[in-house]
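Here's the structure, in structure tokens; my notes come after.
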There are 2 protein chains.
Amino acid sequence: MSDLLERLRGRGWRMTSQRRVVAEVLNGDHVHLTADEVHVRAARLLPEISRATVYNTLGELVLLGEVMEVSTDGRAKRYDPNAHRPHQHLVCSRCGTIRDVHPTGDPLVDLPPGERFGFTLSGADVTYRGVCPACA
Amino acid sequence: MSDLLERLRGRGWRMTSQRRVVAEVLNGDHVHLTADEVHVRAARLLPEISRATVYNTLGELVLLGEVMEVSTDGRAKRYDPNAHRPHQHLVCSRCGTIRDVHPTGDPLVDLPPGERFGFTLSGADVTYRGVCPACA
DNA sequence: ATCTATGCAAAGACTTTGCATTTTT
DNA sequence: AAAAATGCAAAGTCTTTGCATAGAT
């Protein structure tokens, strides 16, 4: 749908060739790359790009709210460009692959006051676990 | 309630002084320590204990299913001794503190077949996010 | 006596940082 | 020209590993 690059341009994000290739690599659905995977793919388009820049850029995109950081167990963080559309994740317990899934009914379970321990709630994540077809 | 140490003894777990202090440190409710925190506290009871042993022991407890690994964002993994009782986590977005919360209604949302992408589902985690009283 | 856990120190995976240089606006 | 991004290399955090020694059953 909406193009990450366009959205960023619209927000007046200073554009460089490095940032452009990072945004290109991240664009799409069911994209959940690690920083290193982003670096490898970005380097195919722009060989000189450094790992540091990839990390910087990913950090920026997260701050801008355009990309979400997803941490699955002990593995490297993954970056999900679907920050604008609420969704949940289905994670393969074997290989770590992630698919986006979309709420069906009303999965946003609320927490009763007695269970809040004084916290100010901001939301809830749901992560489904299972084994993907490739690993089964 | 149930004592972690007792449960482990009952399962014929080879007991050493190191393992004993790790189990003691982990025992309780709302305990979600990092490996390093476990090491510090264990070392107060048994100064010679090494980090490697703490990591080994935590890994064992996870394999035995007596302790759960909880990964919150990019921080170090935390270890939760409440593996036996189903519960969810309420995480402070500011400081990372975790509280256990217990299902009220039926929070286990099911995923419709059309959204499974061929995965064999094994379960779902719910994590509530918010700001804890200390950080607010 | 046998079998396993421990501890050290080194390596490894992932990420961040400081600073001089280059690029964008 | 001013402001900000890049890249390098070094350091930092968290975790794992190999192997000789110590300890549990």
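Remember, predicted model here, so these are calculated numbers, not experimental data. Residue numbering restarts at 1 for every chain, and letters A, B, ... go by the order of the sequence lines.
Backbone-only engagement by B/Ala76 is indicated by non-hydrogen atom pairs under 4.0 Å involving sugar-phosphate atoms exclusively. Contacts of A/Arg19 with the nucleic acid, taken as non-hydrogen atoms under 4.0 Å apart, involve only primed sugar atoms and P, OP1 or OP2.
A salt bridge links B/Arg78 to B/Glu37: one of the charged nitrogens lies within less than 4.0 Å of a carboxylate oxygen.
Between C/dG7 and B/Gln18, a contact under 4.0 Å exists linking OP1 or OP2 to a side-chain N or O. Regarding contacts with the backbone of D/dA5, every side-chain N or O of A/Thr53 stays at 4.0 angstrom or more from both OP1 and OP2. Checking the phosphate oxygens (OP1, OP2) of C/dT4, no side-chain nitrogen or oxygen of B/Thr16 falls inside 4.0 Å. The phosphate of C/dT15 (OP1 or OP2) has a side-chain N or O of A/Tyr55 nearer than 4.0 angstrom.
Not a single donor-acceptor pair, N or O on each side, falls under 3.5 Å between the base of D/dT25 and the side chain of B/Arg14.
As a whole-Å value, the separation of B/Arg51 CZ from C/dC8 C1' is 12 Å. In this structure, the CH2 atom of A/Trp13 is 18 Å from the P atom of C/dT23, given to the nearest Å. A/Leu63 places its CG atom 11 Å from the P atom of C/dT16, with the value rounded to the nearest Å. Between B/Arg75 atom CZ and C/dC14 atom C1' there is a gap of 17 Å when expressed in whole angstrom units. Whole-Å rounding puts the B/Met15 CE to C/dA5 C1' distance at 12 Å. Atoms CZ (B/Arg20) and P (C/dA5) sit 15 Å apart, rounded to a whole Å. Rounded to a whole Å, the CG atom of A/Leu33 is 14 Å from the P atom of C/dC14. One atom, CD of B/Glu48, and another, P of C/dT6, lie 12 Å apart when rounded to the nearest Å.
Comparing A/Ser50 and B/Glu69 along DNA chain D, the residue whose closest nucleotide (by nearest heavy atom) sits nearer the 5' end is A/Ser50.
A donor and an acceptor atom, one from each side chain of B/His89 and B/Asp80, are located under 3.5 Å apart. A/Trp13 and A/Glu60 are linked by a side-chain donor-acceptor pair at a separation below 3.5 angstrom, with hydrogens and angles left out of the test.
Ring centers of B/His39 and B/Tyr55: at least 6.0 Å apart, outside the cut-off.
Aromatic ring pairs are classed by plane angle as parallel below 30°, tilted from 30° to 60° and perpendicular above 60°; the pair A/His87 and A/His102 is tilted.
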